[in-house]
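These notes concern the structure reproduced below.
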Amino acid sequence: MREELNFELETERVKEGEMMKTKRDDGNSEDRRGDSKRQKVVGWPSSPSEEPLVPYNDDEDDERRALGRVVGGEQDGEARSEGNAQGVKSEEDEDDNDDLYGQGSFMGKQNRQVEVRRDCPYLDTVNRQVLDFDFERFCSVSLSNLNVYACLVCGKYYQGRGKKSHAYTHSLEAGHHVYINLRTEKVYCLPDGYEINDPSLDDIRHVLNPRFTREQVEQLDKNKQWSRALDGSDYLPGMVGLNNIQKTDFVNVTIQSLMRVTPLRNFFLIPENYQHCKSPLVHRFGELTRKIWHARNFKGQVSPHEFLQAVMKASKKRFRIGVQSEPVEFMSWLLNTLHADLRTSKKSSSIIHKCFQGELEVVKETQNKAITEKKESGEEQNGAPKITDGVIEKRNAGAETYRMPFLMLGLDLPEPPLFKDVMEKNIIPQVPLFNILKKFDGETVTTTVRPPARMRYRVTRLPQYLILHMGRFTRNNFFREKNPTLVNFPVKNLELKDYIPLPAPTKENEKLRTKYDLIANIVHDGKPDEGFYRVFVQRKSEELWYEMQDLHVSETLPQMVALSEAYMQIYEQQQ
């Protein structure tokens, strides 16, 4: 009996255990079904590959949302709700919108603030040797110029700092964590997203956007101190080499010459002077000026890449990288374009005209066609002219006198002799500067072919900075020729009143300033189509002369300046 009772109890226990097991299994299956339902409702990704990291650009979404805020309230609400649904609304949006629209004045402030920290464990990974802010500020992946950050570890440019941006992806893939916004100059740590506020990064900000106070600008020409680059090389602020990107030596010598014009340089060193101007060319020229004269650069040379891009766009590819041009054409175009962009009205002046503009009196004599035809027909009918030659000349010539402004004066070189004997083969022809300046004495006649006319020029007002151009190149039907004639000129104390008649001063106590000192001399070496340009410039603080050819800068003697084939010169008026 006991054995039967034990067997029945055992079977009941087994049945109860199986019932409990089936109940637990049913509960687990319900839990699993609940999990799957939750997964469908919330939309969790079933695999990591479903999360699109790189192709999706949250900056484009930010731009659409920003445009929605501008255009209308409904779009604004839709964009905001869409941003909430996707989970991308964060402090990045405010920063990206600021970059898209300048100041973000009509953008709504986000609730979430960016954490600002002074202690960042990744500051020692910053590599200043690879940082170069001279090139175009485009993302190296998307090629967009909106909201660009520079990685301070490898120096590359990336767009955005949102969780699906290229900078964020780069921080995860490469392990580079410190980034600077190229517009706002704020430094962030990615992927953590906090802002770094550390004074040790100020030198990077100064290289990204050099700054000058008015006191520093006034002391520039008195500063004799050398600066040291990161590689240990020494350089003089204002005497740094410019990178020749590809046949851009004509741009480099023009820029280096204009950097010696003190009022022009001082004007562009302070951006507040031209902040009203919308022209990219003006702002790129100002940036290049500040980089050339900055005393805290990481390297001893500057690349004019961004300025060249602005030149190509503004000139509609008349001047472009890879195509050689003449400095006189580029100088003329640059000065006229900067003046047009800087002036606030058609009658207003600019710093360009204050420095370089003078005035000429022009007398133009042209032949009267009607009288000439009558004269010729009279000769044919009667076989002899009815009017004497002297009277014909007076009646045929119509003189017109007018005044015109100028930014530079073109000088004509005498033609070299065509035939030389054995002794003269090695002799280079020479001409004094004063001989070719007689073109502007008001008496020397210059003939023009198209239209045929006889021109006489006289200087009626001298500029503060006088630009002279020697016409060395001429083009015939077959090829381009270069005139090798050397021009003898004084480096100091060029007295103009001894060679050309100048007007008397308008005011009684005013003194007529006619003495000039050379500050820049552009030279052409080599054949007409294969040569290169270099420039001699003066450093005012020590009155020393330097020879500059692209990246090469070396001190030279003043006597060497006068021995070169001068192509274009800038003279400064003595005060």
Going by an N to O cut-off under 4.0 Å, is there a salt bridge joining [X] and [Y]?
X	Y	answer
Arg211	Glu185	yes
Glu359	Arg403	yes
Lys438	Glu443	no
Arg296	Asp203	no
Glu400	Lys364	no

What distance do [X] atom [atom1] and [Y] atom [atom2] have between them, rounded to the nearest 0.5 Å?
X	Y	atom1	atom2	value
Leu264	Leu335	CG	CG	8.0 Å
His469	Leu407	NE2	CG	14.5 Å
Glu565	Thr485	CD	OG1	9.0 Å
Leu518	Leu494	CG	CG	9.0 Å
Phe434	Asn488	CZ	CG	9.5 Å
Met331	Met408	CE	CE	5.5 Å

Between [X] and [Y], does any side-chain donor sit less than 3.5 Å from a side-chain acceptor?
X	Y	value
Tyr567	Glu326	yes
Asp231	Gln129	no
Asn252	Asp550	yes
Ser279	Asp341	yes
Gln549	Asp249	no

Next on the checklist: Quick one, Phe536 with Gln538, criterion side chain to side chain contact (heavy atoms under 4.5 Å, CB included). Give me CA distance, side-chain angles, the key distance, then yes/no.
Outcome noted: CA-CA 7 Å; Phe536 293 95; Gln538 187 191 38; over 6 Å; no
When you compare the side chain of [Y] with that of [X], does any pair of heavy atoms fall below 4.5 Å?
X	Y	answer
Leu466	Pro463	yes
Gln574	Arg513	no
Tyr546	Leu236	yes
Arg284	Leu281	no
Asp412	Ile436	no
Leu338	Ile351	no
Val537	Met259	no
Val459	Leu496	no

Tell me whether the rings of [X] and [Y] are parallel (<30°), tilted (30 to 60°) or perpendicular (>60°).
X	Y	value
Tyr274	Phe267	tilted
Phe307	Phe285	tilted
Tyr571	Tyr516	perpendicular
Trp333	Phe319	tilted

For [X] and [Y], which heavy atoms make the closest approach, and how far apart are they?
X	Y	answer
Val523	Ser564	CG2-OG, 3.3 Å
Gln301	Asp134	O-OD2, 4.4 Å
Gln357	Pro405	NE2-CB, 3.3 Å

Next on the checklist: For Phe138 together with Tyr157, are the ring centres under 6.0 Å from each other?
Outcome noted: no
Checklist entry - Quick check: does any side chain N or O of Lys313 sit under 3.5 Å from a backbone N or O of Pro280, one acting as donor and the other as acceptor? => result no
Next on the checklist: Under a 3.5 Å distance rule, please check whether His283 uses its side chain to pair with a backbone N or O of Pro271 as donor and acceptor.
Outcome noted: no
Item to check | Charged tip of Arg480 within 45° of Phe473 ring normal and under 6.0 Å | outcome: yes
